[in-house]
Number of protein chains: 2
Amino acid sequence: MTDVAEQSLVAEWHALLARHAAVSGALECRLQDEHGIGVNEFETLERLATCDRKCRAADLTDATHLTQSTTSRLISRMERDGLVERSMCDIDRRGIFVMLTAAGRRLYEEAKPTHRAVLREQLAGEG
Amino acid sequence: MTDVAEQSLVAEWHALLARHAAVSGALECRLQDEHGIGVNEFETLERLATCDRKCRAADLTDATHLTQSTTSRLISRMERDGLVERSMCDIDRRGIFVMLTAAGRRLYEEAKPTHRAVLREQLAGEG
DNA sequence: AGACGATACATGCATGTGCATCTAATGCAA
DNA sequence: TTGCATTAGATGCACATGCATGTATCGTCT
């Protein structure tokens, strides 16, 4: 690999880092300020809202790119805040289902326009 | 904005999230396993190595997309591990200079091929 | 010179994170 | 059926992170 090719690879990585930092930072601020949730909470709400209201914990791990343990605690925090509920998974009693509460669905609907607006601002003309 | 345009915006964001998670996750693993450092440590080493060996703390904050306090602690950890040194900044006594030690420079040179290899694997054919 | 807001960095504190591990349930094999 | 490796999720622990704030210095204005 030539030096110039390597440099462009590094530049691409730095661009990816910068874009991720910009978008997730902006989302984090706006979602926190306007709705009191973070990016991971929003992604979790969205996944649950578009998943027939019933979702395994492992599905949420995939959706958020977090680890299994972090997902477990995220669910706990959201449960504490009344946004989701855990329920026993009858087909596999090791697992759990996570479901949106009414408050969780309401918060998702409220936060969604903010989320989309930030994406429009941050990703404008770069698709 | 049409629904389809909104969906593509969301898809673009999710693609960015996935790419970031894949590349930074792979870098984190490989750099940790093979050299005992994380992505932020590597970016800091690289910045210092390509910056005439002298850098203000604030410059490192920019390079890593971290906050100021996190950067301060990152420098502390790297100083504890013998990779960098803090020195008084004579032109502005509020600030500090951060410099690579010989060990820090050696570690950077060792880790750089790993870093580039992971970028090649992860970013292949997507530039 | 003296006062005051701005800037650079450090730090106390609460919280988020991953790793390793634990428990319980599953599936498969003997 | 019993035994054992595997899987789902919870949790103890150490550590990283950000926010708010503290300290010292700088620059400017009077």
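Order of the sequence lines fixes the chain letters, A, B, ..., with proteins taken first and strands second; residue numbering starts at 1 for each chain.
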Rounding to a whole Å, what distance do you find between [X]:[atom1] and [N]:[atom2]?
| X | N | atom1 | atom2 | answer |
| --- | --- | --- | --- | --- |
| A:M78 | D:dG9 | CE | C1' | 17 Å |
| A:Q32 | D:dA20 | CD | P | 11 Å |
| B:I37 | D:dA16 | CD1 | P | 14 Å |
| A:M88 | C:dA25 | CE | C1' | 12 Å |
| B:R73 | C:dT11 | CZ | P | 8 Å |
| B:I75 | C:dA8 | CD1 | P | 13 Å |

- Message: Classify the ring geometry of A:F42 against A:Y108: parallel below 30°, tilted from 30° to 60°, perpendicular beyond 60°.
- Response: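 Tilted.
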- Message: The criterion is side-chain contact (heavy atoms from CB on, under 4.5 Å); which residues satisfy it with A:C29, sequence neighbours excluded?
- Response: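 Counting only residues at least two positions away or on another chain, A:C29 forms no side-chain contact (heavy atoms from CB on, under 4.5 Å).
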Measuring from atom [atom1] of [X] to atom [atom2] of [Y], what distance do you get when rounded to the nearest 0.5 angstrom?
| X | Y | atom1 | atom2 | answer |
| --- | --- | --- | --- | --- |
| A:E85 | A:L83 | CD | CG | 11.0 Å |
| B:K112 | B:L45 | NZ | CG | 12.0 Å |
| B:T101 | B:R106 | OG1 | CZ | 7.5 Å |

Any side-chain N or O of [X] below 4.0 angstrom from OP1/OP2 of [N]?
| X | N | result |
| --- | --- | --- |
| A:R77 | C:dG16 | yes |
| A:R86 | D:dA8 | no |
| A:S72 | D:dA10 | yes |
| A:N40 | C:dG16 | no |
| A:S69 | C:dG18 | no |
| B:T70 | D:dG18 | yes |

- B:S76 side chain to B:S72 backbone, donor-acceptor under 3.5 Å: yes
- Task: Would you confirm whether B:E41, through its side chain, and B:G38, through its main-chain N or O, come within 3.5 Å as a donor-acceptor pair?
- Result: yes
Distances for protein N/O vs nucleotides 25-29 of chain D N/O pairs under 3.5 angstrom?
unit_1	atom_1	unit_2	atom_2	d
D:dC26	OP1	B:R93	N	3.2

- Residues from residues 57-68 of chain A lying under 4.0 Å of DNA chain C - heavy atoms: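 Heavy-atom cutoff 4.0 Å gives A:T67.
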- Query: Is it true that B:F97 and B:L48 fall in one hydrophobic cluster, defined by side-chain heavy atoms closer than 4.5 Å?
  - Reply: no
- Item | Exercise: do A:R56 and A:T61 side chains pair donor with acceptor under 3.5 Å |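 No, no side-chain donor-acceptor contact under 3.5 Å.
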- Query: Does a side-chain N-to-carboxylate-O contact under 4.0 Å join A:E46 and A:R116?
  - Reply: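 A salt bridge is present here (some side-chain N lies under 4.0 Å from a carboxylate O).
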- Task: Side chain of B:R56 only, please: which of C:dT11, C:dA8, C:dG18 is the nearest?
- Result: C:dA8
- Query: Of all the nucleotides listed (D:dG9, C:dG16, C:dC19), which has the minimum atom distance to the side chain of A:I96?
  - Reply: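 For the A:I96 side chain, the nearest candidate turns out to be D:dG9.
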- Task: Using heavy atoms to find the nearest nucleotide of DNA chain D for A:F97 and A:C29 separately, return the residue whose nucleotide is more 5′.
- Result: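 Counting from the 5' end, the first nearest nucleotide belongs to A:F97.
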